[in-house]
Amino acid sequence: MSELLKISLPDGSVREVERGATPADVAAAIGPGLAKAAMAAKVDGEVRDIMRPFDGDAELALITSRDEAEALELVRHDYAHVLAEAVQALWPGTQITFGPSTEDGFYYDVMAPEGREPFGMDDLPAIEEKMREIIKADKPLRREVWAREKLIEKWQAEGEAFKAEWAAELPENEELTVYWSGDDWLDMCRGPHLASTGKLDPQAFKLMRVAGAYWRGDQKNAQLTRIYGTGWLNKKQLNAHLHRLEEAGKRDHRKLGQEMDLFHLQPEAQGSVFWHPKGYMIWRELEAYMRRRIDEAGYQEVKTPQLMDARQWQQSGHWGKYRENMFVVPDEIPSTDDDAPIVSNDADMMALKPMNCPAHVLIFKQGIKSYRDLPVLMAEMGCCHRNEPHGALHGLLRVRQMTQDDGHIFVREDQLVDEVRRFCELTDRVYKDFGFESYAIKLALRPEQRFGSDEDWDKAEDELRNAVAEAGMATEDYGWEELPGEGAFYAPKLEWHLTDAIGRTWQVGTIQSDRVLPERLDASYVGEDGEKHRPVMLHRAVIGTYERFIGILIEHYAGKLPLWLAPVQAVVATIVSDADDYAETVAAQLRDAGIRVETDLRNEKINYKVREHSLAKVPHLLVVGKREAEEGTIALRRLGSDEHQKVMPLDEAIAMLRDEALAPDQRPQS
RNA sequence: GCUGCUGUAGCUCAGGGGUAGAGCGCACCCUUGGUAAGGGUGAGGUCGAGAGUUCAAUUCUCUCCAGCAGCACCA
């Protein structure tokens with residue numbers, strides 16, 4: 001057997017190296033520049049330490065900072081380890097658990113020593129300082145394979161209960177590795193890592209915040225302190241990231257909602273929105289648009305009760321599986337006697353609806369349905385209440401009173417896939433109308449807590465999978481992914497996700513195929529054979545809820561809503577008070593043409609008015625002075641336009657604005 | 001719900017054991033100005049709520065409430 005190994009490089013060349021050689025040796029043989037730049041190695045497609053010897057002949061690609069995705073992943077993982085080492089150096093007795101890289105940085109979950117409070121923001125500067133020390137010490141990171149028993153023993157001896165538990169539970173066939181940092185600290189880790197801590201840039205990371213996180217993501221377990229950081233290849237990248245965060249903060253719908261006077265929230269109605277006139281105008285336009293879209297798609301709109309008796313919710317199954325999230329109301333006249341309880345202990349219960357589905361089944365059940373009547377497409381702008389945990393509430397994106405663009409499609413088995421596919425097309429059309437060029441579709445599979453047989457779930461999951469495939473959307477372009485355990489208790493879900501200003505994704509659209517509820521509420525139709533059959537019920541929403549969707553729209557457009565959605569579409573601003581009468585005329589004519597217009601006749605300079613309305617994100621500013629009043633023109637200034645103004649006859653301006661203010665579905669097809 | 005941070009004028013924020021400040025906004029006055037802040041005067045605050053320590057608390061301590069970030073949960 002030859003002692004020389006054949007290492008093929010990306011350029012096709014092959015180098016021979018001694019057994020025991022490492023990718024670092026190859027890099028050094030190629031040139032000192034590469035030796036310095038090489039961070040890790042891709043050996044037969046697997047990213048490995050640059051100091052780890054080859055196992056045999058291999059294909060090798062060296063990873064440098066030019067392979068940005070891989071390089072970032074490596075440094076972030078290393079920052080996480082340095083973070084853990086720093087925390088233990090500062091506070092001996094701290095337990096360490098788990099610390100991966102993330103989208104833009106890293107975190108490490110730790111448990112403060114017994115008797116010490118969880119780490120807080122005040123501790124971060126000291127940790128950062130210690131991390132810099134460790135980086136500057138340029139400690140070699142050395143990989144070793146350990147026997148499981150030895151590893152568990154070590155963790156137990158050091159009081160690392162979490163690590164010990166984890167080491168014991170790693171799969172039998174997995175090789176357990178540790179990484180030494182210098183000679184005095186080690187962590188159990190699969191790797192890979194850089195050759196030494198000194199490869200990190202001490203100025204390219206920043207600890208961002210601390211938060212609680214449950215051990216293994218389970219609320220029943222101990223809560224650890226998660227220390228988050230952002231980490232980059234160099235300081236320039238770090239600063240660019242911090243700048244991006246700042247910019248994203250400016251798009252926050254809560255901030256814009258206040259600045260633009262769209263809505264507010266207050267403690268007396270936690271999680272429920274006070275829509276101001278301007279914010280509600282967006283809602284009205286959105287609702288009108290959705291009505292046109294669902295009319296066109298063949299839905300019939302209904303309206304169903306807010307309050308229903310607990311018995312109804314018991315029958316639908318919500319009482320058993322969803323009660324924690326429901327607002328329950330006693331069905332009793334409240335006592336006005338100061339000495340008596342407001343309601344008796346055994347009052348009958350009602351509940352505000354958390355979903356519209358049971359009520360829609362009740363409508364479906366009125367009268368007898370023939371197989372010819374199916375599919376029945378029922379829609380409701382359904383206002384629902386869900387008793388969400390306080391910590392979950394988030395502006396418009398997570399509320400307790402929400403209005404869904406809900407709908408239920410009752411189908412025969414043979415119609416199911418086709419209807420799901422049609423729905424995929426509807427969502428695509430709607431999202432594109434709002435300029436969402438990319439979104440993600442995910443399939444949430446059966447959860448642990450569920451109704452129905454495994455066969456039904458197999459079938460339901462397959463149907464959704466197939467429908468998306470038929471629509472051509474089960475691809476990477478659509479972020480296609482399956483999420484085990486994430487489905488609703490009654491059905492698997494297809495989910496459509498959009499992204500907010502700082503990159504968090506939110507579910508908006510969904511469709512779920514459900515055989516449970518029609519069964520529980522005994523919905524049926526008469527088939528061709530004259531027998532009773534169960535319809536399948538598709539629960540679906542396109543924009544999800546008006547609250548969330550408007551929140552996402554505000555962030556998506558950074559407040560600069562397209563003309564058709566803008567609450568104030570135009571402002572007529574005067575330069576001199578002599579033009580006041582003319583400005584009123586202009587505004588009146590625009591109003592007659594259906595444009596939402598305001599006048600600004602204040603005793604202020606035009607500069608001031610331009611600035612103010614620009615900041616208020618009014619799409620069009622119509623400036624009128626003496627000249628325009630005499631000539632019957634206006635000077636139009638568009639928000640965000642480079643050209644300053646365009647003087648045009650009033651008629652022309654009105655016709656133009658009227659055309660531009662049409663919703664996407666009302667525009668002539670080009 | 002859990003962990004951490006925060007709560008001072010309509011908004012953004014400074015301050016600090018002895019009853020409170022700025023800028024913007026608002027009101028009034030002067031100014032009629034041609035495309036991103038003209039000038040002046042003035043009004044406006046139980047310093048999130050409650051309790052404790054103190055001669056004295058907006059400031060220190062505790063409890064609660066709310067907001068923010070994350071976790072868990074979810075549209």
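Residue numbers start from 1 in every chain, and the chains themselves are labelled A, B, ... in the order their sequence lines are given, proteins ahead of strands.
- Distance check on atom C1': rG25(B) versus rG10(B) gives 7 Å, rounded to whole Å.
- Between the C1' atoms of rA66(B) and rC30(B), the separation comes to 45 Å (whole Å).
- Remark: the R386(A) side chain and the rC73(B) base include no donor-acceptor N/O pair separated by less than 3.5 Å.
- Heavy atoms of E628(A) sit under 4.0 angstrom from at least one base atom.
- Summarising the base pairing, rG67(B) is matched to rC5(B) through a Watson-Crick or G-U wobble pair whose two defining distances lie under 3.5 Å.
- Between F434(A) and F549(A), the distance from one ring center to the other falls under 6.0 angstrom.
- Aromatic ring centroids of Y490(A) and F451(A) lie 6.0 Å or more apart.
- Between the C1' atoms of rU61(B) and rC68(B), the separation comes to 24 Å (whole Å).
- Using a 4.0 Å heavy-atom cutoff across all strands shown, G212(A) reaches at least one base atom of the nucleic acid.
- Contact annotation for Q404(A): no contact, since no heavy-atom pair falls under 4.0 Å across all strands.
- Counting distance only, with no hydrogens placed and no angle test, the side-chain atoms of E117(A) and the base atoms of rG4(B) include no donor-acceptor pair under 3.5 Å.
- Spacing of C1' atoms, rG23(B) relative to rA56(B), comes out at 32 Å, to the nearest Å.
- With a cut-off of 3.5 Å on both pairing distances, rC74(B) has no Watson-Crick or G-U wobble partner at all.
- Across all strands shown, E547(A) has no heavy atoms under 4.0 Å from either base or sugar-phosphate atoms.
- Summarising the base pairing, rC26(B) is matched to rG42(B) through a Watson-Crick or G-U wobble pair whose two defining distances lie under 3.5 Å.
- Residue L224(A) contributes atom CG, which lies 12 Å from atom P of rA72(B) at whole-angstrom precision.
- Within 4.0 Å of T510(A), counting heavy atoms only, lies no atom of the nucleic acid at all.
- As judged by a 4.0 angstrom heavy-atom cut-off over every strand, R548(A) is placed among the base-contacting residues.
- Within the 4.0 angstrom heavy-atom criterion, no nucleotide atom of any strand lies near K609(A).
- Using a 4.0 Å cut-off, no side-chain N or O of R602(A) falls inside it from OP1 or OP2 of rG33(B).
- Separating the C1' atom of rA14(B) from that of rA51(B) is a span of 29 Å, rounded to the nearest Å.
- The base of rC74(B) sits with one of its N or O atoms less than 3.5 Å from a complementary donor or acceptor on the side chain of R398(A).
- With a cut-off of 3.5 Å on both Watson-Crick or G-U wobble distances, the partner of rG52(B) is given as rC60(B).
- Proximity of the aromatic rings of H408(A) and Y299(A) is defined here by a centroid distance below 6.0 angstrom, and this criterion is not met.
- A donor-acceptor contact under 3.5 Å links the side chain of R637(A) to the base of rA36(B).
- Among the atoms of the strands shown, only primed sugar atoms or phosphate atoms (P, OP1, OP2) are found under 4.0 Å from some heavy atom of H394(A).
- Among the protein residues, Y214(A) comes within range of the nucleic acid bases, having at least one heavy atom under 4.0 Å from a base atom.
- Here the separation of rA69(B) from rA37(B), taken at their C1' atoms, is 34 Å to the nearest Å.
- One can place CZ of R627(A) at 15 Å from C1' of rU32(B), the figure rounded to the nearest angstrom.
- Shown here, rG33(B) forms no base pair; nothing in the strands shown gives a Watson-Crick or G-U wobble contact with both key distances under 3.5 Å.
- The nearest whole Å value for the distance from the CG atom in L553(A) to the P atom in rA75(B) is 20 Å.
- When the P atom of rC65(B) is taken as reference, atom CD of Q266(A) falls 18 Å away, rounded to whole Å.
- Here L615(A) lies in heavy-atom contact (under 4.0 Å) with a base.
- In this structure, M260(A) places its CE atom 19 Å from P of rG25(B), rounding to the nearest Å.
- Residue contacts for M402(A): at a heavy-atom cut-off of 4.0 Å it reaches a base atom on one of the strands shown.
- If you take CE of M111(A) and C1' of rC71(B), they are 14 Å apart, rounded to a whole angstrom.
- Under 3.5 Å, the side chain of T225(A) and the base of rU3(B) form no donor-acceptor pair of N or O atoms.
- Cation-pi check for R76(A) over W232(A) is met; the charged atom lies under 6.0 angstrom from the ring centroid and within 45 degrees of its normal.
- Residue P389(A) is classed as a base contact, given a heavy-atom separation below 4.0 Å to a base.
- As judged by a 4.0 angstrom heavy-atom cut-off over every strand, Q270(A) is placed among residues touching the sugar-phosphate backbone only.
- In terms of modelled atom types and a separation under 3.5 Å, the side chain of D405(A) and the main chain of A541(A) share no donor-acceptor contact.
- Using cut-offs of 30° and 60° on the angle between ring planes, the pair Y546(A) and W283(A) is parallel.
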Using the rule given for side chain to side chain contact (heavy atoms under 4.5 Å, CB included), can you reason through R323(A) versus H318(A), listing the C-alpha separation, both sets of side-chain angles and the distance that settles it, and then say yes or no?
CA-CA 6 Å; R323(A) 192 169 63 217; H318(A) 289 82; over 6 Å; no
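- Across the C1' atoms, rC65(B) and rA22(B) are found 29 Å apart, a figure rounded to whole Å.
- Toward the 5′ end of RNA chain B lies the nearest nucleotide of H390(A), the other residue of the pair Q258(A) and H390(A) mapping further downstream.
- Contacts of Y228(A) with the nucleic acid, taken as non-hydrogen atoms under 4.0 Å apart, involve only primed sugar atoms and P, OP1 or OP2.
- Nucleotides rA20(B) and rG39(B) are separated by 28 Å at their C1' atoms, to the nearest Å.
- Shown are T599(A), V572(A), T574(A); of these, the side chain to side chain contact (heavy atoms under 4.5 Å, CB included) with D580(A) is made only by T574(A).
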